[in-house]
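Have a look at the structure below, then the notes.
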Amino acid sequence: MFAFSADTTAPKPALYRELHDAACGLTSGESDAVANMANIAALIWQFVPGLNWAGFYRVVDGALVLGPFIGKPACIRIASGQGVCGAALASGETQLVADVHTFPGHIACDAESRAELVVPIIHNGHVVAVIDLDSPTQGRFDTEDAAGLQSLAATLAPLLGPELRCAT
Ligand code: SME
């Protein structure tokens, strides 16, 4: 059993530090990328309040393919440049969207989603996956959420590549 206690009322920087440490501990010594992404999706769900979807899309042959996640079933393949996730892949930059209804080309996997945060995971200069968080609350994510997820993405990058160790 893995028991992590998440104080979801903590200030965001502290919350994301705890999430980061838990993710590092949970993935330590494990080389299977799918298992690591699955456990980290579960940790994000446990630590970050107010979500209706949390998970990964992996880059396969230049497009995004659904990875481990928590939430309703989602679209499986997303082309580069398509929707919020595809924009993160095409640009290599975090996409912080307060209201997905205003984002051109947004892909609605869950009609309840209103805000979205997508952070690319970059390894050796290439986007290898993205972390995608959705919330039913407009404006749910801010720059502190983005910074916390970016730190997690930097930690995860080697876990999805050949080195397979936690970058602390
Ligand atoms: N809304 C995303 C699609 C993925 S789901 O939110 C899980 C997008 O526009 O890329």
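Only this structure's heavy atoms are used, side chains among them; waters, hydrogens and symmetry mates stay out. Counting starts at 1 for both ligands and their atoms, following the listed order.
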Sub-4.5 Å side-chain heavy-atom contact between Glu116 and Leu96:
no

Start with the C-alpha gap between Phe69 and Ile131, add the side-chain angles, then the distance that decides, and say whether side-chain contact (heavy atoms from CB on, under 4.5 Å) holds.
CA-CA 9 Å; Phe69 69 94; Ile131 306 173; over 6 Å; no

re atom 5 (S) of ligand 1, the protein heavy-atom contact at minimum distance is Cys109 SG, 3.2 Å

Which protein non-hydrogen atom lies closest to atom 10 (O) of ligand 1, naming both residue and atom, and how far is it?
Cys85 N, 2.8 Å

Nearest protein heavy atom to atom 2 (C) of ligand 1, by residue and atom, and its distance?
Glu116 OE2, 3.1 Å

Considering residues, nucleotides and ligands other than His101, do more than 12 of their heavy atoms fall under 6.0 Å from its NE2?
yes

Around atom 4 (C) of ligand 1, find the nearest protein heavy atom and jot down its residue, atom name and distance.
Asp132 OD2, 3.4 Å

Determine, for Asp134 against Arg140, whether the closest basic-nitrogen to carboxylate-oxygen distance falls under 4.0 angstrom.
no

At less than 4.0 angstrom from any non-hydrogen atom of His106, what atoms of ligand 1 do you find?
1 (N), 9 (O)

To the nearest 0.1 Å, how far is atom 3 (C) of ligand 1 from its closest protein heavy atom, and which atom is that?
Ile107 O, 3.6 Å

Show which atoms of ligand 1 fall inside a sub-4.0 Å distance from at least one heavy-atom site of Gly83.
9 (O), 10 (O)

Of all protein heavy atoms, the one nearest atom 6 (O) of ligand 1 is Asp134 OD2, 2.7 Å

Going by heavy atoms, is Tyr57 under 4.0 Å from ligand 1?
yes

Check Leu152 against Ala23 and note the closest heavy-atom contact, atom names and distance.
CD1-CB, 3.6 Å

Show your working on side chain to side chain donor-acceptor pair (under 3.5 Å) between Ser135 and Asn52 and close with a plain yes or no.
CA-CA 5 Å; Ser135 170; Asn52 64 325; 5.5 Å; no

Suppose we measure from atom 8 (C) of ligand 1 to each protein heavy atom; which comes out shortest, and what is that distance?
Val84 N, 3.3 Å

Assess the residue pair Phe47 and Thr8 against the criterion (side-chain contact (heavy atoms from CB on, under 4.5 Å)); give the C-alpha distance rounded to whole Å, side-chain angles, the decisive distance to 0.1 Å, and a yes or no.
CA-CA 6 Å; Phe47 276 74; Thr8 56; 5.7 Å; no

